[in-house]
Amino acid sequence: MSIQRYLLIVILSVVTLASFGAALQGYKASKTKLNQVFDEEMRSFAIALLHSPINQASTNVALHSVFAYQIWLENKLRLKSDNSPEVLITKTAHGFGDRSFLGKRWRVFVLVENQTKVIVAQPIKQRFESVEQVLLEAILPIVYAIPLIGLLVFFAIKRSLKPLTLLSNQLKKKNANDLTAITVKENSEELKPIEQTLNSLLERLNDSFEREKRLSGDAAHELRTPISVLKITVHNLMIAFEGNRIERHHIDELNDNTVRMAHVIEQIIALNRTTPENFEQNKIELDLRELLQDVISDNFEKIEKHHQAISLNAKDIYIYGDKFSLEILFDNLIKNANKYSGKNTNILISLEDHVDHVDHVDHVDHVQVIVEDSGAGIPKEQLEKVFHRFYRGKQHAETGSGLGLSIVKHIVDLHDGHIQLMTSKLGGLKVVIKLAKTNVVVPSND
């Protein structure tokens, strides 16, 4: 059952029940009130008969009346209506009561004064008919109004549910490839959170599909070459084995290509793992100096192998970020410096507060991480291109995936930071990364 039909049935049922409930209560109240009115009318009529000239004349006559009445004087019937019997209607001494005579049920009132007794009776059926007539006159307009109320309620419900209907129609038209945002023009406060949540879900789903496509594309693009090289290497190794001519360089070549493939796979996984969804959930307070020391320690063996000198100029600075992704960021930067700067070079890493001067007060809102080396560097015209996935400078003889700096920029963007490449005073590449930190206000010396 649709919401529209359900609401229409419920509202009309409530209106109908409420109307008939009010009618029933009105019937009870009307019955009590009309009985009081009729009783008072009977009393007035009895008093009028008691003091009428006919009674004073003691004329034995029968008159037509809506009431049945009798006037007894000294236990003799002096006056009665034509619908009254010849015998005493009731033996009640005084006041109201109910009696049956002439095949009907009557309401009876007795008034006695001196030797005169006046009895007035009214059919109870007549009272019921009067109450029913009053109730009918009162309830008929409500009964006639119920269809009109139903029509108005129907259009009101239909108008109120129009945004929900539009939303439902848009969702019905969605297919597996349509992940565009939904819009409800005639929106309501209740549907706004639903629209926002659905659009957020569609956006995240679309991003997930895009990452899946990118992961497949990255893997297909970058793994094709090392797999082909591995096949050639294994083929050469098999030929050498058959000729009993296996040498050291065959093993070294196989190992180098295996390491390269493993590195490419790690980079692709890292690029696709650092997503906005899991990133925000894993944010913690981090000591950047300690983090940099750990990454340098992990890469120190390779740095020493290239006879390079590495130094860290830093103090304890805390930021709120994702440890896993920042480790990948700094590991890529240090590996790039180690790999592309060449042997017998220097690598300098600096960690410092970035101070903004605002209204004569120094605001420390960001921290700068600078990684520079004394290698060959990157030509200025290629500085922006190196952020593109799989881009590699032609001047480098070293093999690589072309994903390192793309991953670095992706992680910096996740931290709402900024990255800039330039030429270092040491002669090589200088990478400047600015990350947000907890606001601390430092008084200016001015």
Side-chain angles (χ1 to χ4, degrees), residues 11-150:
I11 292 175
L12 286 181
S13 299
V14 170
V15 170
T16 303
L17 289 175
S19 299
F20 283 101
L24 181 61
Q25 187 64 28
Y27 173 78
K28 292 180 179 180
S30 300
K31 181 180 178 182
T32 301
K33 189 65 178 176
L34 284 176
N35 280 331
Q36 293 175 357
V37 171
F38 288 141
D39 285 350
E40 188 61 31
E41 187 178 5
M42 288 175 65
R43 185 194 301 273
S44 301
F45 186 56
I47 294 172
L49 288 175
L50 183 65
H51 299 92
S52 65
I54 298 175
N55 178 38
Q56 294 174 2
S58 301
T59 304
N60 190 6
V61 295
L63 299 176
H64 175 73
S65 173
V66 293
F67 294 105
Y69 59 85
Q70 292 177 338
I71 301 178
W72 293 81
L73 180 62
E74 296 178 351
N75 295 324
K76 291 183 180 181
L77 182 61
R78 296 295 184 179
L79 184 68
K80 77 176 188 66
S81 61
D82 58 357
N83 57 350
S84 176
E86 296 290 339
V87 297
L88 189 66
I89 291 177
T90 179
K91 295 180 180 180
T92 303
H94 181 75
F96 290 95
D98 292 337
R99 291 291 181 272
S100 297
F101 60 89
L102 300 180
K104 296 181 181 179
R105 191 69 176 167
W106 301 74
R107 178 72 169 168
V108 178
F109 176 70
V110 179
L111 180 63
V112 178
E113 185 175 317
N114 298 326
Q115 296 297 317
T116 305
K117 177 187 286 188
V118 177
I119 303 174
V120 178
Q122 182 184 25
I124 293 179
K125 182 180 179 182
Q126 182 182 351
R127 292 190 172 204
F128 285 151
E129 289 176 351
S130 299
V131 173
E132 290 173 356
Q133 186 64 31
V134 171
L135 179 62
L136 188 62
E137 294 294 333
I139 201 173
L140 274 179
I142 300 177
V143 174
Y144 293 148
I146 287 178
L148 179 60
I149 293 173

Q. So, for A68 and S81, which heavy atoms are closest and what is the spacing to 0.1 Å?
A. CA-OG, 3.2 Å
Q: Starting at CZ of R43, measure out to CZ of F109 and round the result to the nearest 0.5 Å.
A: 4.5 Å
Q. Nearest 0.5 Å, what's the CD-CG distance between Q133 and L34?
A. 11.5 Å
Q.
Using the rule given for side-chain contact (heavy atoms from CB on, under 4.5 Å), can you reason through R107 versus F38, listing the C-alpha separation, both sets of side-chain angles and the distance that settles it, and then say yes or no?
A. CA-CA 10 Å; R107 178 72 169 168; F38 288 141; over 6 Å; no
Q.
Between Q70 and P85 (side chain of the first, backbone of the second, donor and acceptor by atom type, cut-off under 3.5 Å), is there such a pair?
A. yes
Q: Could you go through the side-chain contact (heavy atoms from CB on, under 4.5 Å) check for K80 and E86 one step at a time?
A: CA-CA 8 Å; K80 77 176 188 66; E86 296 290 339; 3.0 Å; yes
Q | Nearest atoms (heavy-atom pairs only) where F101 meets W106 | A | O-NE1, 2.9 Å
**Q.** Spacing of CD belonging to E74 relative to CD belonging to Q115, to within rounding of 0.5 Å
**A.** 5.5 Å
Q) Can you name the closest pair of heavy atoms from H51 and I47 and give their distance? A) ND1-O, 3.0 Å
Q) Looking only at heavy atoms, what is the nearest atom pair of M42 and R127, with distance? A) SD-NH2, 3.2 Å
(Q) Looking at every non-hydrogen atom in both residues, tell me the closest pair between L12 and I149 and how far apart they are. (A) CD2-C, 4.4 Å
Q: Check whether more than 12 heavy atoms from other residues, nucleotides or ligands sit under 6.0 Å from atom CZ of F128, and answer yes or no.
A: no
Q.
side-chain contact (heavy atoms from CB on, under 4.5 Å) for L79 and Y69? Distances and angles first, verdict last.
A. CA-CA 8 Å; L79 184 68; Y69 59 85; 4.2 Å; yes
Q: Supply the atom-to-atom distance I119 CD1 to L88 CG, rounded to the nearest 0.5 angstrom.
A: 4.5 Å
Q | More than 12 heavy atoms of other groups within 6.0 Å of Q36 CD | A | yes
**Q.** From OG (S100) to CD1 (I89), nearest 0.5 Å
**A.** 12.0 Å
**Q.** Atom pair OG1 (T90) and CZ (R99), whose distance is rounded to the nearest 0.5 Å
**A.** 3.5 Å
Q. What do the steps show when you test L111 against K117 for side-chain contact (heavy atoms from CB on, under 4.5 Å), and what is the final call?
A. CA-CA 6 Å; L111 180 63; K117 177 187 286 188; over 6 Å; no
Q. Is any side-chain heavy atom of D98 less than 4.5 Å from a side-chain heavy atom of I124?
A. yes
Q. What heavy-atom pair brings V112 and A93 nearest, and what distance separates the two atoms?
A. CG2-O, 3.3 Å
